[in-house]
Engineer: 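The structure is given below, and queries will be raised subsequently.
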There are 2 protein chains.
Amino acid sequence: MTLTLAIDSDPQAYSAFTERQNDVLESALRLLVKGGDKALTTAGIARAANCSKESLYRWFGDRDGLLAAVVSYQASKVRALGPGVMPETAAAFRAHLVRFANDLLNVLSGDMSLALNRLAIGQASRSDAHLGGLVLDRGRNMIGSRAGALLEAGRACGFIEYDDANDAFRTLYGLIIRDFHVRLLLGDTLDADEAAFDKQAQVAIDQFFKLYGLPAKGGV
Amino acid sequence: MTLTLAIDSDPQAYSAFTERQNDVLESALRLLVKGGDKALTTAGIARAANCSKESLYRWFGDRDGLLAAVVSYQASKVRALGPGVMPETAAAFRAHLVRFANDLLNVLSGDMSLALNRLAIGQASRSDAHLGGLVLDRGRNMIGSRAGALLEAGRACGFIEYDDANDAFRTLYGLIIRDFHVRLLLGDTLDADEAAFDKQAQVAIDQFFKLYGLPAKGGV
DNA sequence: GTGGTACCGTACGGTACGGTTCGGCACTAA
DNA sequence: TTAGTGCCGAACCGTACCGTACGGTACCAC
């Protein structure tokens with residue numbers, strides 16, 4: 001659902017660009033956040049980055065290639081938040097989940113994430129839209145990697161129980177995000193309660209334990 | 001989050017258009033679903049609807065006015081699914097919730113809903129984007145009207161318990177939709193499990209009762 | 001018939017954008 | 001010094017689109 005938390009062992013795999021090219025991509029990203037997809041023209045990017053259009057086309061081949069490069073760049077920029085740690089107590093496991101929920105809320109509400117998701121969604125209708133798939137892959141990467149491992153560790157330690165890991169994760173996601181993401185994508189603003197991510201995260205994790213927790217160790 | 005279930009007592013308030021104009025809007029909607037926002041040009045709409053561009057501009061004033069009219073038209077097309085019924089038994093209440101969940105899944109996965117949401121999201125970054133707010137209003141209308149009344153009725157009858165109605169609804173929404181909507185918006189396809197809306201709806205409502213149900217009457 | 005109105009089909013002006021080309025500058029290597 | 005390379009800035013081309021204007025047609029009122 002986002003790109004800013006992609007976990008990959010090799011940072012070069014996603015950002016195989018030179019320093020100068022990364023600067024250009026950063027400029028493009030700022031331009032996108034500031035003015036939306038309409039402002040992301042090749043001339044505008046070249047102007048903002050103090051480079052020529054010729055270089056843009058030499059480096060990224062195409063406008064679509066440039067957009068894909070922006071996505072890849074952003075994915076490689078903010079990477080893993082730290083290695084997975086095996087929780088030893090129920091409280092530690094719960095804290096990990098709360099932290100994950102908090103991170104997810106913060107990431108999805110970020111300017112860059114919203115701008116890139118809007119861009120990908122806006123052109124997802126066209127048949128040649130590989131951008132949406134790209135965003136999904138990176139988002140799925142992050143989610144599958146971090147949350148999946150976390151849930152599995154919790155289950156191995158006997159704090160929670162579920163049949164299908166994917167299903168459990170999606171429920172966790174739903175409890176955390178609710179209609180939050182779509183509303184932000186549509187331009188809505190958050191009310192005071194929703195802006196308190198800490199509280200929201202704790203409530204969501206409480207509910208998750210109520211659904212999947214084992215009363216003996218990690219339940220209510 | 002969608003427009004296809006707007007509930008309004010006065011159908012004319014949202015579709016104050018002539019028969020001919022509604023035909024044109026219907027053509028525009030089909031065009032949007034077929035080719036995405038890129039295909040929704042004034043010339044294309046005029047061609048598809050067998051009308052002149054001059055008429056488009058006389059009727060809707062502007063291209064943005066035309067898009068807003070499309071949204072309003074779609075909102076007024078599929079209206080309330082029936083008056084709210086006071087559930088008398090816990091089983092009936094649960095059936096109502098399952099039906100609501102099923103409807104929500106079907107609506108949000110519909111072609112028209114996805115196309116319009118993509119359109120609104122794609123241009124939600126610009127400051128003059130009233131389209132996202134329009135979609136939100138209509139979606140919120142539907143949600144607040146139907147689900148809110150349903151939950152309130154269930155609480156009045158003692159089947160569920162909650163402090164904040166808005167909060168309870170958002171949890172319900174999260175349990176039903178999860179990451180379903182955003183993934184579809186990004187162009188993802190559903191796996192077999194997710195395409196079984198009936199099963200998904202029942203599971204979501206089971207989970208909702210586990211969180212908000214009163215064990216005596218409506219709980220697990 | 002005559003004027004008015006609403007409409008269609010088409011063509012046009014203006015603009016914006018994607019992509020290409022060209023001249024020029026700085027730097028490097030022989 | 002000369003040739004080559006990488007890049008910038010700017011001009012350019014073809015295209016697509018928005019919004020408007022114009023000619024022609026059907027219908028209605030009087």
Side-chain angles (χ1 to χ4, degrees), chain A residues 16-71 73 115 118-120 122-123 125-131, chain B residues 16-71 73 115 118-120 122-123 125-131:
Chain A
F17 303 117
T18 68
E19 193 67 24
R20 172 72 175 134
Q21 287 163 2
N22 278 335
D23 290 345
V24 172
L25 294 177
E26 176 67 26
S27 289
L29 201 48
R30 274 201 299 268
L31 206 61
L32 175 65
V33 170
K34 187 179 177 186
D37 65 329
K38 192 67 183 173
L40 204 61
T41 68
T42 57
I45 295 172
R47 198 181 322 118
N50 284 327
C51 78
S52 70
K53 284 172 67 175
E54 185 179 8
S55 299
L56 289 185
Y57 281 91
R58 171 162 41 240
W59 293 335
F60 308 109
D62 203 346
R63 183 176 184 265
D64 288 348
L66 196 150
L67 296 186
V70 169
V71 172
Y73 166 73
R118 287 200 185 108
L119 179 67
Q123 63 152 41
S125 49
R126 274 173 277 179
S127 57
D128 62 333
H130 45 298
L131 212 56
Chain B
F17 302 117
T18 68
E19 193 66 24
R20 173 70 176 138
Q21 287 164 0
N22 277 335
D23 289 346
V24 172
L25 294 176
E26 176 68 27
S27 288
L29 201 48
R30 274 201 300 266
L31 208 60
L32 175 66
V33 170
K34 187 179 176 186
D37 65 328
K38 194 66 182 173
L40 204 61
T41 67
T42 55
I45 294 171
R47 199 181 320 119
N50 286 327
C51 77
S52 70
K53 283 175 65 176
E54 186 178 5
S55 299
L56 290 184
Y57 281 92
R58 173 162 37 242
W59 293 333
F60 308 109
D62 202 345
R63 182 176 186 266
D64 287 347
L66 196 149
L67 297 185
V70 170
V71 171
Y73 166 73
R118 287 200 185 109
L119 179 67
Q123 63 152 41
S125 49
R126 276 172 276 179
S127 58
D128 62 332
H130 46 298
L131 212 55

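All values below come from the heavy atoms of this structure, side chains included, with hydrogens, waters and symmetry mates left out. Below, chains carry the letters A, B, ... as their sequence lines are ordered, and counting in each starts from 1.
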Engineer: Starting from C1' on C:dA6, measure out to CD on B:E19 and report it in whole angstrom.
Structural biologist: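 It works out to 17 Å between those atoms.
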Engineer: Which part of the nucleic acid does A:R47 contact within heavy-atom distance under 4.0 Å: base, sugar-phosphate only, or nothing?
Structural biologist: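 Answer is nothing: A:R47 stays at 4.0 Å or more from every strand.
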Engineer: When the distance from CG of B:D37 to P of D:dC18 is rounded to whole Å, what number comes out?
Structural biologist: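 Rounded to the whole Å, the gap is 11 Å.
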Engineer: Would you say A:Y73 and A:Q21 make side-chain contact, with heavy atoms under 4.5 Å?
Structural biologist: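 Result no, sub-4.5 Å side-chain heavy-atom pair not found.
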Engineer: Classify the side chain of B:K53 versus the base of D:dG19 as yes if they form a donor-acceptor pair under 3.5 Å and no if they do not.
Structural biologist: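 A donor-acceptor contact between them is present.
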Engineer: If only side-chain N and O atoms of B:T42 are considered, is one of them under 4.0 Å from the OP1 or OP2 phosphate oxygen of D:dC18?
Structural biologist: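 So the side chain of B:T42 is within the cut-off, an N or O lying under 4.0 Å from OP1 or OP2 of D:dC18.
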Engineer: Verify the contact: side-chain N or O of B:W59 to OP1 or OP2 of C:dA6, cut-off strictly under 4.0 Å; return yes or no.
Structural biologist: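 For C:dA6, OP1/OP2 do not have a side-chain N/O of B:W59 under 4.0 Å.
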Engineer: Tell me: CD of B:Q21 to C1' of C:dA6, nearest whole Å?
Structural biologist: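 Value for this atom pair: 12 Å.
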Engineer: Starting the side chain at C-beta, find the nucleotide from D:dG9, C:dC8, C:dC17 nearest to B:S55.
Structural biologist: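 Shortest atom-to-atom distance from the side chain points to C:dC8.
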Engineer: Could you give the CZ-to-P distance, from B:R58 to D:dT20, as a whole number of Å?
Structural biologist: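 So the CZ-P distance, B:R58 to D:dT20, works out to 12 Å.
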Engineer: When the distance from CD1 of A:I45 to P of C:dG19 is rounded to whole Å, what number comes out?
Structural biologist: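 In whole Å, C:dG19 P and A:I45 CD1 are 11 Å from each other.
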Engineer: Per the side chain to side chain contact (heavy atoms under 4.5 Å, CB included) rule, which among B:L31, B:L32, B:V70 passes with B:I45?
Structural biologist: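 Among B:L31, B:L32, B:V70, the one that satisfies the side chain to side chain contact (heavy atoms under 4.5 Å, CB included) with B:I45 is B:L31.
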Engineer: Over how many whole Å does the gap from B:Y57 atom OH to C:dA6 atom P extend?
Structural biologist: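 Answer to the nearest Å: 20 Å.
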Engineer: Does a distance-only test, which skips hydrogens and angles, find a donor-acceptor pair under 3.5 Å between the side chain of B:E54 and the base of C:dC7?
Structural biologist: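 Such a pair does not exist between side chain and base.
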Engineer: Taking side chain as C-beta onward, heavy atoms only, is A:L40 less than 4.5 Å from A:L67?
Structural biologist: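 Side chain of A:L40 against side chain of A:L67, heavy atoms only: contact under 4.5 Å found.
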Engineer: Distance check needed: C:dC17 P versus A:L66 CG, whole Å only.
Structural biologist: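 About 15 Å, once rounded to whole Å.
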Engineer: Rounded to the nearest angstrom, tell me the gap between atom CZ in B:R20 and atom P in D:dC27.
Structural biologist: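 My rounded result for the distance is 15 Å.
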Engineer: Please figure out whether B:C51 or A:R63 has its closest DNA chain C nucleotide nearer the 5' end.
Structural biologist: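 That would be B:C51.
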Engineer: When rounded to the nearest 0.5 angstrom, what distance separates CG in B:L25 from CH2 in B:W59?
Structural biologist: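 Rounded to the nearest 0.5 Å, the CG-CH2 separation comes to 9.0 Å.
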Engineer: Start with the C-alpha distance between B:R20 and B:C51, add both sets of side-chain angles, then the distance that settles side-chain contact (heavy atoms from CB on, under 4.5 Å), and finish with yes or no.
Structural biologist: CA-CA 10 Å; B:R20 173 70 176 138; B:C51 77; 3.3 Å; yes
